[in-house]
Amino acid sequence: MTEPIVTFQNIHKSFGDVEVLKGINLDIKPAEKVAIIGPSGSGKTTIIRLLMTLEKPTSGDIIVDGKNLWKMDKNGKLVDANEKHLRQVRGDIGMVFQHFNLFPHMTILENCMTAPIHVKSEDKKTAKQRSIEMLEKVGLGDKLDNYPSQLSGGQKQRVAMARALVMRPKVMLFDEVTSALDPELVGEVLEVIRDIAKEGEMAMILVTHEMDFALDVADKVLFLDEGVIAEQGTASEVIEHSKNERLQSFLKRFRA
Ligand SMILES: Nc1ncnc2c1ncn2[C@@H]1O[C@H](COP(=O)(O)OP(=O)(O)OP(=O)(O)O)[C@@H](O)[C@H]1O
Ligand SMILES: [Mg+2]
């Protein structure tokens, strides 16, 4: 049995009095592609933010590649994780945001090189070479010296992808990465994600409203509803064959 790369064990998350996640249990295998669908406010982004350590669970454990995200071993006892431990675990996780979050004052090549150099202490030459490789992979090999402001939304999103890939994460998180794009730019970004997904080795968690894309790419689909996983299975089971009424009425919105 392969060990999961990501595990959520009975994760609860509240903001003030409002419980947003109500006991999430989840195992993601290395290389597994998991799509999360669900209505606005159901907690999808919160799951992603917990994995990025941008939020801390109210209770429960998150394990990434065998390491507990928020706890570490100290002389045989589990204690609260320190910043160094968090940084280490976070190193296995890459993310692409809805709004790109590129550095505007850096060229796209510099955008990709900066984290390997400053976070992973990679030498500049290697970082540059690998960044060029990744930018070529996302189809931007001819834009290395452009600034983000000179690119289309779809191109910016592809830079964001290259920048995450250059860190060689074991898990990549995508939170509605096409929802801020003009419709005609969505396809090129999904195409790149599809290519990365087919390459294999990395696990991916994709929050998406693109049902055809989920059907094509995802090994597993989770339907999140009011902070619980209300349905899960293969993409076809969940998107095409589920009897769950709330899921069906949610999916209706995406059918022409
Ligand atoms: N920092 C916060 N403080 C207070 N409430 C929050 C915070 N972050 C999220 N919430 C609330 O938690 C709930 C779930 O939010 P979340 O962003 O995870 O939903 P979502 O499923 O990603 O929705 P959408 O599809 O609109 O992006 C919402 O009711 C939201 O208002
Ligand atoms: Mg969201």
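Keep in mind the model is a prediction, meaning the values are calculated, not measured. Order of listing sets the numbers, starting from 1, for every ligand and every atom in it.
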Atom 26 (O) of ligand 1 within contact range, any protein heavy atom under 4.0 Å: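 Yes, because at least one protein heavy atom sits under 4.0 Å from atom 26 (O) of ligand 1.
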
Heavy-atom protein contact below 4.0 Å for atom 14 (C) of ligand 1: yes

Lys/Arg cation over aromatic F103: R163, 6.0 Å, 45° cone: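 Yes, cation above the ring, under 6.0 Å and within 45°.
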
Flag yes if more than 12 heavy atoms outside [X] fall under 6.0 Å of its [atom1] atom; otherwise flag no.
{"X": "K67", "atom1": "NZ", "answer": "yes"}
{"X": "N244", "atom1": "CG", "answer": "yes"}
{"X": "K74", "atom1": "NZ", "answer": "no"}

Proximity flag G43 to ligand 1, non-hydrogen atoms under 4.0 Å: yes

Residue-ligand contact P39/ligand 1, heavy atom below 4.0 Å: yes

G41, any N or O under 3.5 Å of ligand 1 N or O: yes

Polar atom proximity, K44 to ligand 1 (N or O, under 3.5 Å):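 Yes; the residue has a nitrogen or oxygen that sits under 3.5 Å from a nitrogen or oxygen of the ligand.
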
Donor-acceptor pair between E240 and S236 side chains, under 3.5 angstrom: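 A pair is found: one side chain offers a donor N or O, the other an acceptor, under 3.5 Å apart.
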
Test item: side-chain donor near acceptor, D27 and T7, under 3.5 Å: yes

N, O or S of Q98 under 2.8 Å from the Mg ion (ligand 2): no

Salt bridge E199-R194, side-chain N to carboxylate O under 4.0 Å: no

Ligand 1 contact on T46 by region, counting heavy-atom pairs under 4.0 Å: both

Ligand 1-proximal atoms of E176, by part, heavy-atom distance under 4.0 Å: side chain

For atom 6 (C) of ligand 1, the protein heavy atom that lies nearest, with its residue and separation: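 It is F15 CD1, 3.3 Å.
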
For atom 12 (O) of ligand 1, closest protein heavy-atom neighbour: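 Minimum-distance protein heavy atom for atom 12 (O) of ligand 1 reads V20 CG2, 3.1 Å.
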
Atom indices of ligand 1, in the order listed, that fall short of 4.0 Å to a heavy atom of T45: 17 (O), 18 (O), 20 (P), 22 (O), 27 (O)

Parallel, tilted or perpendicular, as decided by the 30° and 60° cut-offs, for the rings of F254 and H209: parallel

